[in-house]
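Just below is one structure, and these are the notes that go with it.
Counting begins at 1 with the first residue of the sequence.
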Amino acid sequence: MTEAPRVDTAQLLELLSVSLGVYYGDFTVAAASESLTASQGRALTVLRRGPAAMRALAETMTCDASNMTGIIDRLEKRGLVRREADPADRRVKNVILTAEGERVTDAIRAKMRITQEGLAGLGSDDRDALYTLLERIFLTAPTA
């Protein structure tokens, strides 16, 4: 006889929704403390992983390319990012985080008090398990 799951998918979806809401709120406040909108902060966070073409950045952030241009224009004006032509295709502009952009991104993460305290409360085994589960769900899951 197979044991019924203790937590069903609907409960997991609800908890993910609440978790993301808390995380997003925490992130928004931290970004605002650096005089950034949540979208500007998110763009910096995405670019912290490495340079990205404007189109890819817009797709990752699920926003219109013209909106992405405005976000990057404002970040570039503050010296947080720079644009460079892609060496393989000069028509493509890659967005690169500057040293100041890295500092601001790190400052946003450090100011995410609720998230930082929650993660700090986990032991190393729980952190490893959470990382493995999130990676499995969101990074290695097949796309539809």
Side-chain angles (χ1 to χ4, degrees), residues 5-144:
R6 294 182 311 180
V7 178
D8 66 22
T9 301
Q11 290 171 302
L12 287 172
L13 286 170
E14 182 60 26
L15 185 55
L16 274 173
S17 175
V18 170
S19 301
L20 291 172
V22 170
Y23 176 88
Y24 186 73
D26 201 20
F27 181 84
T28 300
V29 169
S33 76
E34 293 292 327
S35 302
L36 296 171
T37 65
S39 294
Q40 291 168 336
R42 185 159 178 247
L44 292 178
T45 299
V46 170
L47 291 169
R48 192 71 166 101
R49 298 178 213 146
M54 288 287 288
R55 180 171 303 288
L57 192 55
E59 287 172 7
T60 298
M61 292 184 54
T62 59
C63 71
D64 187 75
S66 63
N67 188 33
M68 192 77 258
T69 299
I71 291 168
I72 296 304
D73 285 347
R74 289 184 286 283
L75 292 173
E76 189 172 39
K77 191 173 193 174
R78 286 192 48 189
L80 303 177
V81 301
R82 71 178 186 277
R83 291 180 176 112
E84 289 183 1
D86 187 301
D89 185 347
R90 310 252 339 132
R91 297 169 297 174
V92 174
K93 296 294 182 199
N94 290 323
V95 183
I96 300 161
L97 203 58
T98 63
E100 179 63 7
E102 289 178 9
R103 186 202 65 75
V104 168
T105 305
D106 293 344
I108 290 169
R109 289 178 176 169
K111 292 177 182 178
M112 294 178 65
R113 185 185 53 76
I114 296 168
T115 304
Q116 291 288 348
E117 288 174 6
L119 293 173
L122 297 176
S124 62
D125 288 345
D126 286 340
R127 282 175 175 261
D128 290 348
L130 179 59
Y131 186 91
T132 299
L133 290 170
L134 291 173
E135 185 178 47
R136 186 182 326 154
I137 294 167
F138 297 111
L139 299 182
T140 58
T143 55

Search all heavy atoms of [X] against all heavy atoms of [Y] and return the closest pair with its distance.
X	Y	result
K111	S33	CD-OG, 3.1 Å
A30	I108	CB-O, 3.4 Å
K93	R90	NZ-O, 4.3 Å
S35	R78	O-NH1, 2.9 Å
G41	F27	C-CZ, 3.3 Å
A58	A65	CB-CA, 4.1 Å

Which value, rounded to the nearest 0.5 Å, describes the distance between [X] atom [atom1] and [Y] atom [atom2]?
X	Y	atom1	atom2	answer
E135	L130	CD	CG	11.0 Å
T45	D106	OG1	CG	9.5 Å
L134	T140	CG	OG1	11.0 Å
T62	R42	OG1	CZ	5.5 Å
E102	L80	CD	CG	11.0 Å
R74	Q40	CZ	CD	5.5 Å

Open item on the list: Under the rule for salt bridge (charged side-chain N to carboxylate O under 4.0 Å, His left out), what residues qualify as partners of R109, not counting sequence neighbours?
Closed with: none
Open item on the list: Among residues at least two apart in sequence or on other chains, which ones pass salt bridge (charged side-chain N to carboxylate O under 4.0 Å, His left out) with D86?
Closed with: none
Does [Y] offer a backbone N or O that forms a donor-acceptor pair with the side chain of [X] under 3.5 Å?
X	Y	value
E34	A31	no
R48	T105	no
N94	P51	no
T132	D128	yes

Task: Minimum side-chain heavy-atom gap I71-L57 below 4.5 Å - done: no
TODO: State, with a plain yes or no, whether a side-chain heavy atom of V95 is found less than 4.5 Å away from one of L75.
DONE: no
Task: CZ (R127) with more than 12 external heavy atoms under 6.0 Å - done: yes
Task: Within 6.0 Å of CZ in R55, more than 12 heavy atoms from elsewhere - done: no
Task: Partners passing side-chain contact (heavy atoms from CB on, under 4.5 Å) against T98 (at least two apart in sequence or in another chain) - done: R82, E100
